[in-house]
Novice: 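Have a look at the structure that comes next, please.
In what follows, residues are counted from 1 in the order of the sequence shown. Everything quoted here is computed from the prediction, not taken from an experiment.
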Amino acid sequence: MEKKMRGWLLFIAILLLLLAACSKEEKAEDDIPEPIEEEIEVVVEEEPVQGPTLYKAPFTGVLSEEESTHRAVLATINNHPLARPQSGISDADIVYELAAEGNITRLLALFQSELPEEIGPIRSARDYFVHISKGLDAFYVAHGYSPDAKQMLQDRFVDNINGMQYDGTLFNRSKERRAPHNSYITKDNVLAGMEKTNSSTELSVKPAFSFLESIEDAKIGDIASMLVVRYGTDPDFTSTYSYDAEKGTYNRMVKGIQTVDKSNEKPVELSNILIFETAHRTIDNVGRQSVDIESGGKGMLFHAGIEKEIEWKNIDGILTPMENGVPAELVPGKTWIHVVSTHPGMGTSVTYTP
């Protein structure tokens, strides 16, 4: 009996030890901390949104989403008082004003950014007009010619059409004015003339013109809010420009009349006024001029309400404004270029006031 009792006690003791061990094991498992889940922030870098590709117009420096690859058209436009107001000039990228006979001037209007529906009145060519067209690789439009220019055009020195051959077909006479102040050509007829003469319609020459990023970069120079450019003493060929600070452009007036486009009644608004001084020489009894467009010389630049002394140089046939040995930076927009004689010179031909 005593022996049996000891056996039971041993069994109970072993059982208690086993239970204690199990309890410690469970407690140890309960004490194991659960893993902590960390939130990891994933940063996704967004790719920058790219805007449309912008192209700079070769003759104005104006940015556009569409690249302009059309060949430039250069038209001789009559500047006689009876030919004003002219049609198409508000759309010209550049207007050159040069003496044709004595101090009577003609305009060379360059169209590349856009070609207006009507251009005119168209007037006759001079040899230096033709050379300017050649340098620009422009399709040249004129009605009539001096003897030197006639030979150059007939020899196809430049691609061209002339009203002497196409009067009444490509060139039309306005009934509102009398000859020689009434010859006009339309956009469609310019394009038809290019096709008729098998002329290229694609731009192949880009000028060495340089442009600022914006008008704000042009604030260095003498203040000049108004300027006057004279060809002799005739008020009919004296241009007055006033600067509009709000628009950043110049308005042009002759004898108190603002220069506007007859076709659309828009005023001519210019970002740059350039004056190039060069030698002139009278070559016949009509007063026709020989104008040196090769040698370069002194110049003046007006833009953003300021004036700068510059030079000009013929670069590959293109009359180019220069500053410190490189092309002068222009304000993006339209430009009027006056070519004046060294006699009496810019000191007399050009005046400006703050």
Side-chain angles (χ1 to χ4, degrees), residues 70-102 104-112 114-201 261-264 284 286-289 291:
H70 303 293
R71 187 180 188 181
V73 172
L74 188 72
T76 299
I77 295 182
N78 194 334
N79 195 36
H80 191 279
L82 296 176
R84 303 171 188 162
Q86 297 97 334
S87 296
I89 57 173
S90 67
D91 292 323
D93 291 350
I94 300 174
V95 175
Y96 299 82
E97 184 169 352
L98 306 99
E101 296 169 6
I104 297 173
T105 66
R106 296 223 172 119
L107 310 180
L108 293 179
L110 178 80
F111 304 98
Q112 197 276 325
E114 53 189 322
L115 188 61
E117 292 299 323
E118 184 177 61
I119 305 170
I122 305 296
R123 201 65 169 90
S124 62
R126 297 291 183 267
D127 59 320
Y128 43 100
F129 298 175
V130 180
H131 278 289
I132 290 174
S133 184
K134 179 71 171 180
L136 297 164
D137 189 39
F139 183 75
Y140 182 53
V141 178
H143 193 145
Y145 24 61
S146 64
D148 290 340
K150 177 180 180 180
Q151 191 62 53
M152 295 170 73
L153 296 177
Q154 289 181 343
D155 291 344
R156 197 69 182 269
F157 183 74
V158 293
D159 292 336
N160 74 95
I161 51 174
N162 196 286
M164 297 297 285
Q165 287 77 49
Y166 297 103
D167 196 0
T169 54
L170 296 180
F171 293 76
N172 300 302
R173 297 284 183 172
S174 169
K175 295 180 180 179
E176 297 179 7
R177 293 172 175 172
R178 58 185 176 84
H181 313 300
N182 64 347
S183 177
Y184 291 82
I185 191 167
T186 63
K187 174 181 178 178
D188 289 344
N189 283 350
V190 170
L191 298 177
M194 296 176 89
E195 183 177 0
K196 185 181 288 288
T197 54
N198 295 315
S199 300
S200 171
T201 60
D261 192 314
K262 185 177 184 295
S263 294
N264 53 29
D284 59 21
V286 180
R288 293 192 183 100
Q289 298 293 298
V291 178

Novice: For Thr186, does its backbone N or O pair with a side-chain atom of Asp188 as donor and acceptor, under 3.5 Å?
Specialist: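 Pair absent, no side-chain N/O of Asp188 close to backbone of Thr186.
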Novice: Supply the atom-to-atom distance Phe171 CZ to Gln165 CD, rounded to the nearest 0.5 angstrom.
Specialist: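 Between Phe171 CZ and Gln165 CD, I get 9.0 Å after rounding to 0.5 Å.
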Novice: Pairs in or reaching into residues 166-184: which pass salt bridge (charged side-chain N to carboxylate O under 4.0 Å, His left out), with residues at least two apart or in two chains?
Specialist: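 Every salt bridge (charged side-chain N to carboxylate O under 4.0 Å, His left out) pair that includes a residue of residues 166-184, provided the two are not neighbours, is Asp167-Arg173, Glu176-Lys262.
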Novice: Are Gln289 and Arg126 close enough that some pair of their side-chain heavy atoms sits under 4.5 Å apart?
Specialist: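 The answer is no, as the side chains (C-beta and beyond) never meet within the 4.5 Å cut-off.
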Novice: Heavy atoms, side chains only, cut-off 4.5 Å: are Pro180 and His80 in contact?
Specialist: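 With C-beta onward as the side chain, the pair stays apart.
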Novice: Which pair of non-hydrogen atoms, one from Asn264 and one from Ser90, has the smallest distance, and what is that distance?
Specialist: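 Looks like ND2-OG, 3.2 Å.
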Novice: Calculate, to the nearest 0.5 Å, the distance between atoms CZ and NE2 belonging to Phe157 and His131 respectively.
Specialist: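 It is 5.0 Å, given to the nearest 0.5 Å.
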Novice: Is it true that Lys187 and Glu114 make a salt bridge, defined as a side-chain N closer than 4.0 Å to a carboxylate O?
Specialist: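 No.
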Novice: Any donor and acceptor pair, going by atom type alone, linking the side chain of Asn189 with main-chain N or O of Leu170 inside 3.5 Å?
Specialist: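 Between the backbone of Leu170 and the side chain of Asn189 there is a qualifying donor-acceptor contact (under 3.5 Å).
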Novice: Would you mind telling me which of Leu107, Leu108, Ile77 makes a side-chain contact (heavy atoms from CB on, under 4.5 Å) with Glu97?
Specialist: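 It is Leu107, the one option of Leu107, Leu108, Ile77 that forms the side-chain contact (heavy atoms from CB on, under 4.5 Å) with Glu97.
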Novice: Please examine the side chains of Leu136 and Ile94, heavy atoms only from C-beta on, and report whether any two atoms are closer than 4.5 Å.
Specialist: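 Sidechains of Leu136 and Ile94: no contact.
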Novice: Just wondering, do Phe129 and Tyr96 contact through their side chains at under 4.5 Å, heavy atoms?
Specialist: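 A side-chain contact is absent here, since even the closest heavy-atom pair is not under 4.5 Å.
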Novice: So which heavy atom on Arg106 is nearest to which on Ser124, and how close?
Specialist: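 Looking at all heavy atoms of both residues, the shortest contact is NH1-OG, 2.8 Å.
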Novice: Would you compute the distance between atom OG of Ser183 and atom CZ of Arg123 and round it to the nearest 0.5 angstrom?
Specialist: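 Interatomic distance, Ser183 OG to Arg123 CZ, rounded to 0.5 Å: 9.5 Å.
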Novice: For Tyr140 and Val130, work out which heavy atoms get closest and say how close.
Specialist: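 Scanning both residues completely, I find the closest heavy atoms to be CE2-CG2, 4.0 Å.
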Novice: Among Asp127, Ile161, Asn162, whose side-chain contact (heavy atoms from CB on, under 4.5 Å) with Leu153 holds?
Specialist: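 For Leu153, the side-chain contact (heavy atoms from CB on, under 4.5 Å) check succeeds only for Asn162.
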Novice: Output the distance between atom CZ (Arg288) and atom OH (Tyr128), rounded to the nearest 0.5 Å.
Specialist: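 These two atoms lie 9.5 Å from each other.
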Novice: Taking the side chain as every heavy atom from C-beta outward, state whether Ile185 and Tyr166 have any pair of such atoms under 4.5 Å apart.
Specialist: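 When only atoms from C-beta onward are counted, Tyr166 and Ile185 do not touch, as no gap falls below 4.5 Å.
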Novice: Output a table of donor-acceptor pairs, distance under 3.5 Å, between side-chain atoms of residues 81-89 and any protein atom two or more places apart or on a different chain; print 'none' if there are none.
Specialist:
{"unit_1": "Arg84", "atom_1": "NE", "unit_2": "Asn79", "atom_2": "O", "d": "3.2"}
{"unit_1": "Arg84", "atom_1": "NE", "unit_2": "Asn79", "atom_2": "OD1", "d": "3.4"}
{"unit_1": "Arg84", "atom_1": "NH1", "unit_2": "Asp236", "atom_2": "O", "d": "3.1"}
{"unit_1": "Arg84", "atom_1": "NH2", "unit_2": "Asn79", "atom_2": "O", "d": "2.8"}
{"unit_1": "Arg84", "atom_1": "NH2", "unit_2": "Asp236", "atom_2": "O", "d": "2.6"}
{"unit_1": "Gln86", "atom_1": "NE2", "unit_2": "Asn78", "atom_2": "O", "d": "3.0"}
{"unit_1": "Gln86", "atom_1": "NE2", "unit_2": "Asn79", "atom_2": "OD1", "d": "3.0"}
{"unit_1": "Ser87", "atom_1": "OG", "unit_2": "Ser263", "atom_2": "OG", "d": "3.3"}

Novice: Does Asn160 use its side chain to pair, donor to acceptor, with the backbone of Val141 at less than 3.5 Å?
Specialist: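 It does not hold such a pair.
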Novice: Between Tyr184 and Ser174, what is the shortest heavy-atom contact and its length?
Specialist: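 Looks like CE1-CB, 3.6 Å.
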Novice: For residues 145-161, which residue pairs pass the salt bridge (charged side-chain N to carboxylate O under 4.0 Å, His left out) check, not counting sequence neighbours?
Specialist: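 The answer is Arg71-Asp159, Arg156-Asp159.
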Novice: Does His70 NE2 have over 12 foreign heavy atoms under 6.0 Å away?
Specialist: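 Not buried by this count: 12 neighbours or fewer within 6.0 Å.
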Novice: Please tell me if the side chains of Phe111 and Ile119 come closer than 4.5 Å, counting only heavy atoms from C-beta onward.
Specialist: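 Yes - at least one pair of side-chain heavy atoms lies under 4.5 Å apart.
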